[in-house]
Amino acid sequence: HPTNGDIYVSGDSCVKRIRDGVVTNVAGVGGEEGFAVGTGSKARLGASLFGLSVSPHGDSLLLCDYSNHCVFRIHLETQEVVLVCGMTGQQGGLDGPVDAATFQVPGVAIESETGDIFVLCIDGCTIRRVDTLGNVTTLCGKHGVGGKADGVGSAATLNRPFAMAYVADHGSESGGGTLFVADCSNLCVRSVSTVDGTVTTLPGSFNVLLGISAGTTPEGRLCLYVND
C-alpha cells in the first residue's frame with residue numbers, strides 16, 4: 001500500500017494482508033474457491049487470482065479473478081467484496097452495460113483518478129474500459145486476435161498481454177494518461193493512450209516479460225521497471 005506500507009497478497013481463493021509481520025485474511029477463504037460477494041471470509045473467490053491493485057484514494061483494492069472472468073473491488077475498511085464487472089463462467093469480449101459485458105481472463109485492473117477502470121484481458125488480447133456510468137468499451141485490440149500492429153483502437157493488436165501499469169498525464173486537459181503494457185507473447189512493451197486508444201510499441205526486446213511498473217522521478221521523468 002503506497003501510504004501505510006501494508007502488503008496485500010492474492011492467491012488460493014483469498015486475499016491476505018501483511019502488516020508489521022502479521023498476516024491476516026482480508027477476503028475469501030484459502031482453498032475454498034467459488035463466486036460470491038460478501039464481507040471478508042463470507043466472500044468466495046476463484047482459484048486463480050491476478051492483478052491486485054490499489055485505488056487512487058487508497059481505500060480499496062481491485063482484484064482480477066482469472067477463474068471467474070471478473071473483477072472484484074475489496075473495500076479495505078469494511079472488507080466488503082463487490083463485483084465490478086464480468087460474469088462467472090461466461091468469458092468473451094462483449095461490450096455494453098457493465099452487467100452484460102463479458103471478459104476473457106482478466107489479468108490486471110487499474111483505476112484512474114477520473115474513476116475509469118482499465119482491464120487487461122490476457123486471452124482476450126484487449127484492454128477494456130469500464131467508465132463511471134457503468135459502460136464497458138474496448139479501448140484497444142481485437143477480441144481473441146493476437147498481433148503486434150500499432151494503431152488506434154481496434155486497428156491495433158496485442159498478443160496475450162500479461163501486465164500493465166498506469167501513469168496519469170496531470171498536464172492534460174483531457175484528464176487522460178498512459179497505460180504501459182507488458183505484451184508477453186510479443187516480448188515488448190506497448191504504450192496505450194487512455195484518451196483515444198493509440199497503441200505504440202516502445203524500443204527494446206525482452207525474454208519473458210511477466211511484470212511492469214511505472215512512476216515518475218521528482219524531476220518529472222518517466223521510469224519503467226520490467227520483470228523479465
Peer 1: Keeping to residues at least two apart or across chains, list the ring pair (Phe, Tyr, Trp, His ring centres under 6.0 Å) pairs with something in residues 58-93.
Peer 2: F35-F72, F50-Y66

Peer 1: Other than V9, which residues form its hydrophobic cluster under the rule that side-chain heavy atoms must be closer than 4.5 Å?
Peer 2: I7, I18, V23

Peer 1: So if I apply the side-chain contact (heavy atoms from CB on, under 4.5 Å) rule between L179 and each of L139, V199, I212, which one comes out positive?
Peer 2: L139

Peer 1: Look at the side-chain heavy atoms of Ile, Leu, Val, Met, Phe, Trp and Tyr, link any pair under 4.5 Å apart, and say whether V226 and V108 land in one connected group.
Peer 2: no

Peer 1: Which residue, H143, R128, Q90, forms the side-chain hydrogen bond (donor to acceptor under 3.5 Å, both in side chains) with Q104?
Peer 2: H143

Peer 1: Please say which of I122, D183, L209 ends up in a side-chain contact (heavy atoms from CB on, under 4.5 Å) with F162.
Peer 2: I122

Peer 1: Tell me whether R221 contacts the main-chain N or O of P218 through its side chain, where contact means a donor paired with an acceptor under 3.5 Å.
Peer 2: no

Peer 1: Does either side chain, that of D95 or that of T137, offer a donor lying less than 3.5 Å from an acceptor on the other one?
Peer 2: no

Peer 1: Can any side-chain N or O of N186 pair as donor or acceptor with the backbone N or O of G147 at less than 3.5 Å?
Peer 2: yes

Peer 1: Between T178 and S191, what is the shortest heavy-atom contact and its length?
Peer 2: CG2-CB, 3.9 Å

Peer 1: Find out if a path of hydrophobic residues (ILVMFWY) with successive side-chain heavy-atom gaps under 4.5 Å connects V192 to F180.
Peer 2: no

Peer 1: Could you list who else is in V119's hydrophobic cluster, with ILVMFWY side chains joined at under 4.5 Å, directly or through other members?
Peer 2: L62, V71, V84, V98, F103, I117, V130, V136

